[in-house]
Amino acid sequence: MKFTGYILAAATTTLSAAPTFAQEVSFSTGPAKTVIEGLIDCGSRSRPSAVGEITSEDGTVRTVPAATHYQTAPHAPDLYNACAGIEPAGLSDIDLDAIQTFDAGGTEAFTAYIFGDNYFELYVNGQLIAVDSVPFTPFNASVVKFTAQRPLNLAIMGVDWEENLGLGSEEGRGSSYYPGDAGLVMQLQDASGNIIAITDTDWRAQTFYVSPLQDRDCLVAEGQIRDSSSCSTAAASDGRAFSAAYWDLPADWMTAGFDDSSWPNAVAYSNETVGVDNKPGYTNFTELFDAADADASFIWSSNLVLDNLVLLRKTID
Ligand SMILES: [Ca+2]
Ligand SMILES: [Ca+2]
Ligand SMILES: [Ca+2]
């Protein structure tokens, strides 16, 4: 990142309810250097959750697919995690009373159920509560119990992981450079089991890492508009020369006071579009994620395939 720019932004936001940190897009070309071979090892059941670094053309060292707190933050308790041998058939198979409760600085109790394709970090009222226990695959689901005070500001970092670091692609559909898709679904209950929030288009969503870009000119980047809808999502036989686009994360993006009013609204995607019908971490919990009276949508930014690091925000009174 531009170190001086970051300091200035932090100082500005401390002094006032500052406008969103103005950010320029920067690009890289080609693969990143692998710095972590895998955050977890689930053997043949998983793709390696590797982490890479690459210097973008503004001189900033970028961590791909994202700089995370996986190695330092609490891992979210598992609703479903084949890697850990936790494979309940449904919610009734889980002893929720035995699930730990995180303290987010209040006394009212809440329970969040989350399925992320592929990885999430959950902040409540500016505090990092827990991170997804499985960064890439197998697909898992999490239950995060916490106590907090209303209004609840929920801020989630969502990451679509990648095998080809910096290139936004993976082995799939007969190609070694297949751009995978993303999506995150969440349901939040109060202590009485009332559904008080679901993921929907009321959320705000902004992207910070777009890859692969077969042609940079397809990307529209104007202020908070980061639109890659004209860019190709086709698999390639060789994606090593493709580009990626980056924006710096505002230092205070997860705080309750962060002004997200200029961010686009989240876009909702169907279960069919995200492709969850073969993922028991989702299908065993449709009573939560597809509740008849409050059907949560998968949400993401405007490009489910190419946008790989997306920040999501919503405040609940
Ligand atoms: Ca995951
Ligand atoms: Ca749903
Ligand atoms: Ca992707």
Side-chain angles (χ1 to χ4, degrees), residues 39-40 42 45-47 49 64-66 68 70 75-84 86 113-122 130-144 156-173 177-187 195 198-201 207-213 228 231-235 239 242 244-245 268-277 279-283 285-310:
L39 289 169
I40 61 167
C42 193
R45 303 186 77 167
S46 73
R47 298 176 189 265
S49 46
V64 290
T68 73
Y70 187 79
H75 292 176
D78 294 310
L79 195 60
Y80 188 98
N81 179 356
C83 197
I86 299 170
Y113 299 95
I114 307 171
F115 178 100
D117 180 349
N118 297 95
Y119 175 78
F120 72 85
E121 300 197 337
L122 172 65
V131 306
D132 195 339
S133 61
V134 182
F136 199 172
T137 65
F139 287 93
N140 64 308
S142 306
V143 50
V144 183
I156 298 175
M157 182 175 83
V159 181
D160 183 29
W161 220 272
E162 57 194 19
E163 277 182 334
N164 301 310
L165 297 170
L167 298 174
S169 57
E170 62 203 37
E171 184 86 35
R173 315 266 173 109
Y177 298 91
Y178 173 79
D181 65 4
L184 182 134
V185 64
M186 192 205 73
Q187 191 215 71
I195 300 169
I198 55 175
T199 41
D200 59 22
T201 57
T207 185
F208 291 83
Y209 170 46
V210 183
S211 183
L213 293 171
S228 55
C231 302
S232 173
T233 58
F242 294 161
Y269 298 92
S270 70
N271 294 354
E272 292 71 29
T273 299
V274 176
V276 291
D277 57 356
K279 298 180 175 69
Y282 186 91
T283 56
F285 303 97
T286 51
E287 64 189 289
L288 296 169
F289 301 127
D290 297 332
D293 53 340
D295 185 354
S297 295
F298 276 93
I299 60 170
W300 203 247
S301 59
S302 58
N303 197 321
L304 190 69
V305 176
L306 299 183
D307 292 352
N308 301 319
L309 168 53
V310 169

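Each ligand, and each atom within it, is numbered from 1 in the order the structure gives.
- Under the side-chain hydrogen bond (donor to acceptor under 3.5 Å, both in side chains) rule, Asn271 has a single partner from Asp290, Asp295, Thr283, which is Asp290.
- Here the Ca ion (ligand 2) is the vertex; the OD1 atom in Asp290 and the OD1 atom in Asp295 give an angle of 100° (to 10°).
- Around the Ca ion (ligand 1), the angle linking Asp132 (OD2) with Asn118 (O) is 80°, rounded to 10 degrees.
- A donor and an acceptor atom, one from each side chain of Ser211 and Asn308, are nowhere located under 3.5 Å apart.
- Residue-and-atom listing of protein N/O/S atoms under 3.0 Å from the Ca ion (ligand 3), sorted by chain and number: Asp160 OD2, Gly180 O, Val305 O, Asn308 OD1.
- Within the 3.0 Å limit, Val134 places at least one N, O or S atom next to the Ca ion (ligand 1).
- Using a cut-off of 3.0 Å, one finds that Phe289 contributes an N/O/S atom close to the Ca ion (ligand 2).
- Interatomic distance, Asp132 CG to Ile156 CD1, rounded to the nearest 0.5 Å: 11.0 Å.
- Taking the ring centroids of Tyr282 and Phe139, they lie at or beyond the 6.0 Å cut-off.
- At a cut-off of 3.0 Å, Ser133 is not counted among the residues with an N, O or S atom near the Ca ion (ligand 1).
- Scanning all heavy atoms of the two residues, the minimum distance from Tyr70 to Glu121 falls at N-OE2, 3.8 Å.
- Side-chain N or O atoms of Thr199 include none that pairs as donor or acceptor with a backbone N or O of Ile299 at under 3.5 Å.
- Between Ser228 and Asn303, the closest heavy-atom pair is OG-ND2, 2.9 Å.
- Rounding to the nearest 0.5 Å gives a distance of 6.0 Å between CG of Leu306 and SG of Cys231.
- Metal site remark for the Ca ion (ligand 2): Ala296 contributes an N, O or S atom at a distance under 3.0 Å.
- Checked by atom type and distance alone, the side chain of Asp307 never pairs as donor or acceptor with a backbone atom of Ser301 at under 3.5 Å.
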